Amino acid sequence: MKVKALSPQLSVSPQLSLDDVRQAQEAGFKTLICNRPDGEGPDQTTFVEIQRLAEELGMQAHYQPIISGQMDDEHAAEFGRVLAEAETPVLAYCRTGTRSTNLWALSQAADFPADDLLRAAQQAGYNITSLRGRLLAANPNSNGTATAEQSAPDVEAQVWDVLIIGGGAGGIAAASSLLARDCSLKVAIVDPSENHYYQPGWTLVGGGVFQPETTQRRMKDVVPSRCRLIAEGVESFQPDEDKITLCNGQRLAYKALVVSPGLKLNWEGVEGLPETLGRNGVTSNYRYDLAPYTWKLVQETKGGTALFTQPPMPIKCAGAPQKAMYLSAHEWEQQGALKNIKVEFNNAGGVLFGVKDYVPALMEYIERYGIDLAFNSNLVAVDGPNKRATFEVTDGDGKVSRVEKPFDMLHVCPPQIAPDFIRVSPLAAESGWMDVDQYTLRSTKFENVWGLGDVISAPNAKTAAAVRKQAPVVAENVLRHVKNKTNVREALYRGYGSCPLTVERGKIVLAEFGYGGVLEPSFPRFIINGTRPSRVSWWLKERILPPIYWNAMLKGREWLARPVYEKE
Ligand code: FAD
């Protein structure tokens, strides 16, 4: 736990785990303040989980989530009020600790000289000089006079050829593809996460095939060696000035910007869900630390009702909610328990899978496992202790009614939205997703900005497989811009995405398709017929795709990912 003291009453830290909460209690902290909205990262412990444990240990916990780039004076005043009334010492946290530090400094500005606050933050390892103007303005006793200019944050001297936001599948693949084409480029990746995750592996963790650790690597070990890692969160974009602002207030300048921060898992979008995740039989393969709980529940469940849910589109890996269900049902079938378990798939949408060619094979498994299908049935609330889930069900006339269902096991795929700092940025479409041309992946609003991965507005399936095809396209088009090669044709992405549907342990229906649901198989039909369950596809998913991800896609080796070009 990286705790830094700002004052005798207050310390700050990056995101807490449940172990950290125990350590905080042992260290004597009485109150926790969470300044990070739930769902910002794929391994983020939700506030209610933190709060539950904190209260069990005799501490108080407050939730004051701040969206990056949206902190105003009222937020600071509220933080000051909570701090003044809290039992001390207090530990405040966000993703890195910077938001909490900023809130503290602003909340104390009327009482303490700006330089004292800046020095305390500096000693704790947080550079918040960008707040200097606001701190001076708030305190007439501070030396100097505040002007708007003084609040202008520092801009790092370096102008990056390419600045990449997010070190997930998209960010790392794009950086490697760029450097594979031109190793002289000055490229930086901005990402505050300590770890990088191979999320496609989580289905197999939930199915008892992979150990969770095999899906996680340290961020600094996957960032290409010729690329700088800036371990901070991005707060906001100033695309008219070719700059971004980090959560610590520092600004970075670029010639080209690549945006790939993934999406936000909106756990709070289902009432009662954050409170019960990881207990009461409620699980999800969509979080690193919860996927093992899925496998535990599958092994423990011998009878009763198992509900699997799918929220409205778009979501990442649209097949993942079903994959969890088929692997669970197959395990129960093997154990002889399936006859005692009622399995039900509650899907907010109206079809089993969006591309009709794959539906017949999936329906064979629905029948084999005796799964009940409930379409247009959207999970809206969970009562964990009483093991009841509430769905909004839309009938053929569009009438919506609420239906409550009991469960023994509930696997939830959470609603998914664009990250907060993207939704409020000038890069966003009305939908909140980053607005890009679906073929060139260039921003529709700013000519030196590109996007890839889950964050973009393009109507492809949000998958790592899509990223594998998108990264070379972005690399080609960014290079064309940075090197001013306007005579070179633009590379185009045709919407490829892939979804290996794990219909049983050992067999997969390998869905591969582009824009408009056009089938785009990677292999000849005699090797893999994607519309039929296949052992070769399982072997591909279990044995071949992970090394391809780590050793090819993340290293700029573009296997089966050659871009196409205009008029080709
Ligand atoms: P991510 O890989 O999520 O990375 C986003 C990065 O951005 C993170 O490192 C994060 O820390 C960083 N970031 C966020 N906010 C900020 C900020 N403010 N500043 C800086 N950095 C920030 N795909 C497949 O192809 N096949 C599958 O079988 C498959 N199965 C899946 C099963 C599950 C259960 C899940 C959850 C996903 C699955 N996927 C699958 C989908 C795939 O993992 C994603 O589509 C892919 O990871 C998207 O890559 P990305 O770079 O857009 O986002």
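Remember, predicted model here, so these are calculated numbers, not experimental data. Whatever order the structure lists ligands and atoms in, that order sets their numbers, starting from 1.
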Checking side-chain polar atoms at under 3.5 Å, does [X] have a donor or acceptor matched by the opposite partner on [Y]?
| X | Y | answer |
| --- | --- | --- |
| Asp38 | Thr46 | no |
| Asn460 | Tyr496 | no |
| Tyr515 | Gln438 | no |
| Tyr365 | Glu504 | yes |
| Asp191 | Ser193 | no |

Which residue and atom name correspond to the protein heavy atom nearest [atom], and how close is it?
| atom | value |
| --- | --- |
| atom 36 (C) of ligand 1 | Tyr286 CD2, 3.5 Å |
| atom 42 (C) of ligand 1 | Ala464 N, 3.5 Å |
| atom 38 (C) of ligand 1 | Cys317 CB, 3.5 Å |
| atom 53 (O) of ligand 1 | Gly262 CA, 3.4 Å |
| atom 14 (C) of ligand 1 | Pro261 O, 3.4 Å |
| atom 20 (C) of ligand 1 | Val190 O, 3.3 Å |
| atom 4 (O) of ligand 1 | Gly168 CA, 3.2 Å |
| atom 2 (O) of ligand 1 | Ala169 N, 3.2 Å |

For [X], which part has a heavy atom under 4.0 Å from ligand 1: side chain, backbone, both, or neither?
| X | answer |
| --- | --- |
| Gln199 | both |
| Pro500 | side chain |
| Glu235 | neither |
| Arg95 | side chain |
| His196 | neither |
| Phe421 | side chain |

List the steps, then state whether ring-ring contact (aromatic ring centres under 6.0 Å, His included) holds for Tyr198 with Tyr549. CA-CA 8 Å; Tyr198 176 58; Tyr549 181 84; 4.7 Å; yes
What about [X]: any of its N or O atoms under 3.5 Å from an N or O on ligand 1?
| X | answer |
| --- | --- |
| Asn195 | no |
| Gly453 | no |
| Val467 | no |

Enumerate the atoms of ligand 1 whose separation from the nearest heavy atom of [X] is less than 4.0 angstrom.
| X | answer |
| --- | --- |
| Lys462 | 45 (O) |
| Asn285 | 34 (C) |
| Pro192 | 20 (C), 21 (N) |
| Gly233 | 19 (N) |
| Ser260 | 5 (C), 7 (O), 51 (O), 52 (O) |
| Asp454 | 44 (C), 45 (O), 46 (C), 48 (C), 52 (O) |
| Lys541 | 27 (C), 28 (O) |
| Gly166 | 7 (O), 12 (C), 21 (N) |

Among [options], whose heavy atom sits nearest [atom]?
| atom | options | answer |
| --- | --- | --- |
| atom 19 (N) of ligand 1 | Ile164, Asp191, Val234 | Val234 |
| atom 50 (P) of ligand 1 | Cys499, Gly170, Cys413 | Gly170 |
| atom 27 (C) of ligand 1 | Ala466, Gly41, Pro200 | Pro200 |

Six-ring centre of Trp202, Lys323 cation under 6.0 angstrom, axis tolerance 45°: no
Within less than 4.0 angstrom of ligand 1, does Val455 place any heavy atom? no
Examine distances only and state if a side-chain atom of Gln416 and a backbone atom of Lys316 form a donor-acceptor pair shorter than 3.5 Å. yes
Residues [X], [Y]: salt bridge by 4.0 Å N-O rule:
| X | Y | result |
| --- | --- | --- |
| Lys255 | Asp161 | yes |
| Arg468 | Glu558 | no |
| Arg532 | Glu364 | yes |

Evaluate the side-chain proximity of Ile422 to Pro261: yes if any heavy-atom separation is below 4.5 Å, no if none is.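 Yes. Closest side-chain heavy atoms under 4.5 Å.
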Are any non-hydrogen side-chain atoms of Gln322 and Leu362 less than 4.5 angstrom apart?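 Yes, close enough: below the 4.5 Å cut-off.
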I'd like to know whether Phe446 forms a ring-ring contact (aromatic ring centres under 6.0 Å, His included) with Phe237, so could you lay out the CA-CA distance, the side-chain angles of the two residues, the decisive distance to 0.1 Å, and finally the verdict. CA-CA 11 Å; Phe446 303 96; Phe237 299 89; 9.4 Å; no
Are Tyr369 and Trp332 an aromatic pair by the rule of ring centers under 6.0 Å? no
Compute the ring centroids of Tyr288 and Tyr197, then answer whether they are less than 6.0 Å apart. yes
Are Phe47 and Tyr63 close enough, and set up right, to give a ring-ring contact (aromatic ring centres under 6.0 Å, His included), and what steps lead you there? CA-CA 7 Å; Phe47 170 69; Tyr63 191 41; 4.7 Å; yes
